2 protein chains.
Amino acid sequence: MAKPKPTGDQTLIKKINTAIVLDSVMKEGPLSRAQISERTGLNKATVSSLVLDLMDAHLVDEIGQGVSNGGRKPVMLLFNAQAGHAIGIDLGVNYIRGVLTDLLGNVVEEREWTMKRPDMASGLKQLENCIQKLVELEPSSKYGIVGIGIGVPGIVDDKGAILFAPNLAWDRVELQRLIEERFGVPVTIDNEANAGAQGEQKYGAGRGIPHQIYVSVGIGIGTGIILNKDLYKGASGFSGELGHLSIQYDGKPCRCGNRGCWELYASENALVENAEELGLEGELDSLIAAAEANDSRAIELFRSIGEYLGVGIANIVNVFNPDVVIIGNRMSRASRWLECAVQESVDRRTLSYHRERMRILFAELQDRSAVRGAAYYAISTFLRKVRNVE
Amino acid sequence: MAKPKPTGDQTLIKKINTAIVLDSVMKEGPLSRAQISERTGLNKATVSSLVLDLMDAHLVDEIGQGVSNGGRKPVMLLFNAQAGHAIGIDLGVNYIRGVLTDLLGNVVEEREWTMKRPDMASGLKQLENCIQKLVELEPSSKYGIVGIGIGVPGIVDDKGAILFAPNLAWDRVELQRLIEERFGVPVTIDNEANAGAQGEQKYGAGRGIPHQIYVSVGIGIGTGIILNKDLYKGASGFSGELGHLSIQYDGKPCRCGNRGCWELYASENALVENAEELGLEGELDSLIAAAEANDSRAIELFRSIGEYLGVGIANIVNVFNPDVVIIGNRMSRASRWLECAVQESVDRRTLSYHRERMRILFAELQDRSAVRGAAYYAISTFLRKVRNVE
DNA sequence: TCACTTCGTTTAACGACTAAACAAACTTGA
DNA sequence: TCAAGTTTGTTTAGTCGTTAAACGAAGTGA
């Protein structure tokens, strides 16, 4: 690697245009060559040539004739979503959820397992078994399993090793390398919140929205930051520790070293603690049930958590000026009881300029944001490779 | 504009390569064609051809022969920094500072005026006069004044209009349009903190550092966020209102609607207020003088402000995981009295992963960060245009 | 049936890049 | 001083990807 070569050459332009053509077929369903040419601005001849390459790579198929617009019938082209499959895994603290998707991210198979034993050795073994199950479920296809994406509850470095996972007790595991060696396909590891953000950005509430902050409210609070449709990672690859944004400089001490961290006030943990102080059953689902049954203490409790959620979200809004903030993970189940309080709290605390455009949403994919996002990592890695090599 | 045309074509590659060549000449001083070819990986023939175009555009000059490396002497090429000049303006609350720079951003002339009357009509008139002065100072050159950049103390929209400038009382001024019409060159308006961030990124403490947060601590606190070497602007173009990050959710109410905003605790205003409560003279410079004279009350005051500065910076670090945080604007004059307290406070409050790489710096350009950055806006707009059209 | 569309391929040409050859200019050592 | 070897930058020939235009195939509609 004597030469990093950040050069601009000519095959680059073919890559760019191939990507443009593929994208338009993927996003706008069946299209004819003529339509692609018109939409992209590329010449008909160019489109024909690029489509030929894509058909050779089995990424695009002719699916027959379309209806005539007063002339020769067009030949419709469709993205071959079944040319391969991706595996997405959401590695939870006490569960493993997995999906098998096609290349468009549509779920083909879905499974969930409870994590039997939390220690690293058996956890890792179980994870491999789960992935193996999904691999066996794959209908045969041109490319087979194109990759595996895994969302984990902790901090991950740029080599796909888990650096720190407080609730999982898996320290310093080179997860990417291990899984890659075991299955022989590209593996991407990222933190659960980033995966969730990707999931919502591609398949959920944030589709097509450029600036979006995904707030994963579970036991703690994690966040995935999407700017200009791209996941933002900081200098060292671990940004977005918004759960440790301090909302009270002299507040409760947090194990992270800071004081008054947001997640101490607005996470599921905080909810449960407060509930127990009130003598309520300390379980998210039972609290939701209580609220449904009109228990005013439970309702008030959610209000208060919503209020604190809003405090942090207001900070996020002032910092990032995003298009949307998406609240996801377990706590989003209580959206009905949180929504108003969050919105009011944010409204009270943000500059009107920001407020005008910004919207607060709850995750559309519910507890599937992270698995879907994880699968997307695998898909996008594969497509990037196919486009650039072939 | 029926066609947005996000296409990938062939002239694009020439643009890319021209930019590569120009950049290497700009950054690595005098270079021969052969050297450029070697460094960029472009073919010698390609370099020759691109250099010819750049010489036609007067952006690059041959400055004579270099020393031989055992063969024919190379012809050295130099970026023609004097082909044009840029004007940068820092529009303060009670001053106007202006610079005239060459195309490398070197200051050729510098002037400062006090703002005579704060109202909009006379302020605008004075601003125009100041710019006119700088225009007249320009040594004649091929392109003349290539553009004007202005940093303003307020929120600016994407059309260069001042939306809100609490300390200036210039509401809803279409500054860009006005100045463009008056001087007939491209004008860029941005907020003072963004301009300062650019200045430090290009010419100051942040040179070449990808992820950098510039914290402008003056009367209030503003911030400029540079991610991947690019200024980040949010969905509506005004992000970075980190001054209104709440560090105490039930703290003092702020005029922005939020409570406990950072700038209420860590700005020059906060300093002055606290000083007055202590019976000290409420002026930044006199407080610095007092500290120099070993006045323990003043020293303790700076410590306390530094501590609060650190609280906000810790939040920033947890959110963005930047390479550096740069403290700029007026308060950076007191760096000696702030440094330790800030660093300690940040150390106590950030995750060790973040802390490892991150450094806290004070603005190298001191109170010139914003003017220099403003001039850079003009330069970069010009170069972008020249590269893409010619 | 005829005039007119529309689709997708073929053809010819262009523009940008590269490798290789080359001439000019220079160094070095005998 | 001269021959051999280097280095620089241009010239030449060729490649690759794109485009405009022409064209044949396939349809519509009156």
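Remember, predicted model here, so these are calculated numbers, not experimental data. Sequence lines set the chain letters: A, B, ... in the order given, protein chains first and strands last, and positions in each chain run from 1.
- Within the 4.0 angstrom heavy-atom criterion, only backbone atoms of the sugar-phosphate kind lie near Val75(A); the bases stay farther away.
- No side-chain donor-acceptor contact under 3.5 Å links Ser49(A) to the backbone of Ala45(A).
- The interatomic distance linking Glu62(A) (CD) with dG8(C) (C1') rounds to 10 Å, in whole Å.
- Rounded to an integer number of Å, the gap from Leu52(A) CG to dC7(C) P is 19 Å.
- Residue contacts shown for Ser32(A) are limited to sugar-phosphate atoms, with no base heavy atom under 4.0 Å away.
- When the P atom of dT18(C) is taken as reference, atom CD1 of Ile36(B) falls 14 Å away, rounded to whole Å.
- With rounding to whole Å, Met76(A) atom CE is found 12 Å from dC7(C) atom C1'.
- Within 4.0 Å (heavy atoms only), Ala34(A) reaches sugar-phosphate atoms of the nucleic acid but no base atom.
- The distance from atom CG of Leu12(B) to atom P of dG17(D) is 16 Å, rounded to the nearest whole Å.
- Taking atom CG of Asp53(B) as the reference point, atom C1' of dC17(C) lies 14 Å away to the nearest angstrom.
- Side-chain to base pairing of Lys73(A) with dG27(D): no donor and acceptor N or O lie closer than 3.5 Å to each other.
- The nearest whole Å value for the distance from the NZ atom in Lys14(B) to the C1' atom in dC17(C) is 11 Å.
- The side chain of Arg33(A) contributes no N or O atom lying less than 4.0 Å from OP1 or OP2 of dT6(C).
- Taking for each of Leu50(A) and Asn69(A) the nucleotide of DNA chain D with the nearest heavy atom, the 5'-most of the two is the partner of Leu50(A).
- Checked for salt-bridge contact, Asp190(B) and Lys233(B) meet the test: a charged N lies under 4.0 Å from a carboxylate O.
- Although no hydrogens or angles enter the test, the distance criterion places a donor-acceptor pair under 3.5 Å between the side chain of Asp102(A) and the main chain of Leu104(A).
- In this structure, Asn43(B) reaches the bases: a heavy-atom distance under 4.0 Å links it to at least one base atom across the strands shown.
- Taking 3.5 Å as the limit, the base of dT8(D) and the side chain of Arg72(B) contain a donor-acceptor pair of atoms between them.
- Atom C1' of nucleotide dT8(D) and atom CG of Leu77(B) are separated by 12 Å, given to the nearest angstrom.
- When heavy atoms are screened at a 4.0 angstrom cut-off, Gln65(B) is found touching the sugar-phosphate backbone but no base atom.
- Place Thr46(A) and Lys44(B) on DNA chain D by their nearest nucleotides, and Lys44(B) ends up nearer the 5' end.
- A donor-acceptor contact shorter than 3.5 Å is absent between the side chain of Gln212(B) and the backbone of Ile226(B).
- Of the candidate nucleotides dG17(D), dG9(D), dT10(C), dG17(D) has the atom lying nearest to any side-chain atom of Gln10(B).
- Ring planes of Phe320(B) and Phe320(A): tilted class, angle from 30 to 60°.
- At a threshold of 4.0 angstrom between heavy atoms, the contacts of Ser48(A) include nucleobase atoms, whether or not backbone atoms are also involved.
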